[in-house]
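Structure first, then comments.
Atoms within a ligand are numbered from 1 in the order they appear, just like the ligands themselves. Values below: all heavy atoms of this structure, side chains included; hydrogens, waters and symmetry mates excluded. As the structure is a prediction and not an experimental result, all values here were calculated from the model.
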Amino acid sequence: MTTVAVLVGSLRRESINRKFAESIDKLAGDRLTFNFVEIGDLPLYNDDLWQDPPASVTRLKREVEAADAVLFVTPEYNRSYSPAIKNAIDWGTRPWGKNSWEAKPAAIIGTSPGVTGGAAGQNALKGLVTVVDMVLMGQPEVYYAYNGEAFDENNNVVDESTKVFLERWIDRFTKWIARTSEPKTTAQPGPR
Ligand SMILES: Cc1cc2nc3c(=O)[nH]c(=O)nc-3n(C[C@H](O)[C@H](O)[C@H](O)COP(=O)(O)O)c2cc1C
């Protein structure tokens with residue numbers, strides 16, 4: 001069983017990015033097991049809080065470290081990615097020397113009602129993901145211009161071309177995780 005810690009950058013209830021991720025989770029079946037990591041209750045990063053770390057922070061680090069891989073599902077906000085994801089990534093890199101993201105196979109996907117499918121937001125996130133030492137899959141890119149009719153009310157993908165597109169991504173990400181995983185020995189320092 002390959003486990004994926006999934007961070008959805010939108011915190012709103014009716015998020016299309018969350019629905020999109022849930023549909024992919026369903027489509028993947030036994031190939032990938034998605035664990036949706038709560039990031040909406042993380043405080044804004046503050047170094048002082050390490051004196052008595054919030055439960056939300058220790059849970060984030062624990063769930064990321066336990067997973068075989070990480071998936072970021074980001075909305076596009078003003079041609080960039082979600083600040084909730086930036087905040088979660090910052091927490092995960094600390095304390096110094098205990099970077100939870102180190103060597104994790106990772107992917108970035110997302111959707112937007114706009115025709116570019118959130119491409120600018122996803123591309124803005126790529127630099128950060130590699131800086132914190134994750135092993136980011138480059139292809140296939142998933143810039144999905146959201147089409148609600150491609151999914152039913154239970155998050156099943158009902159549109160054939162969307163299914164083919166997402167199946168290919170699931171197949172590649174499953175192989176990427178198998179190919180790039182390395183047993184974690186000691187935690188390495190994150191960037192200063
Ligand atoms: C602050 C803000 C900025 C946005 N900027 C963009 C943008 O640059 N490009 C885009 O395609 N959509 C943009 N949108 C629209 C979002 O793509 C849309 O609200 C989408 O539904 C957000 O994802 P969610 O449904 O997962 O919350 C923006 C929305 C907000 C709230």
Between [X] and [Y], is there a side-chain N and carboxylate O pair less than 4.0 Å apart?
X     : Y      : result
Asp47 : Arg94  : no
Lys19 : Glu153 : no
Glu65 : Lys104 : no

So which protein heavy atom does [atom] come closest to, and at what separation?
atom                    : result
atom 22 (C) of ligand 1 : Pro75 CB, 4.0 Å
atom 25 (O) of ligand 1 : Arg12 NH2, 2.8 Å
atom 8 (O) of ligand 1  : Arg79 N, 2.9 Å
atom 17 (O) of ligand 1 : Pro113 CD, 3.4 Å

[X] N/O under 3.5 Å from ligand 1 N/O:
X     : answer
Ser10 : yes
Ile16 : yes
Ser15 : yes
Asn78 : yes

Any protein heavy atom < 4.0 Å from atom 19 (O) of ligand 1: no
Show me which atoms of ligand 1 lie under 4.0 Å from any heavy atom of Ser112. 10 (C), 11 (O), 12 (N), 17 (O)
Below 4.0 angstrom from a heavy atom of Asn17, which ligand 1 atoms are there? Numbered from 1 as shown, please. 23 (O), 24 (P), 26 (O)
Stepwise side-chain contact (heavy atoms from CB on, under 4.5 Å) test for Asp159 and Phe151: CA-CA 7 Å; Asp159 175 70; Phe151 310 91; over 6 Å; no
Any side-chain to backbone donor/acceptor pair from Asn17 onto Gly9? Under 3.5 Å, distance only. no
Flag, side chain of Glu76 to backbone of Ala120, donor-acceptor distance under 3.5 Å: yes
May I ask which of Tyr146, Tyr77, Phe20 has a heavy atom nearer to atom 30 (C) of ligand 1 than the others do? Tyr77
Select one of side chain, backbone, both or neither to describe which atoms of Glu76 lie under 4.0 Å from any atom of ligand 1, heavy atoms only. both
Pairwise side-chain contact, Trp169 with Met137, heavy-atom cut-off 4.5 Å (strictly under): yes
From Thr162, Val164, Asp152, Ile24, residue fulfilling side-chain contact (heavy atoms from CB on, under 4.5 Å) relative to Val157: Thr162
Can you tell me if Asp48 has over 12 outside heavy atoms packed within less than 6.0 Å of its CG? yes
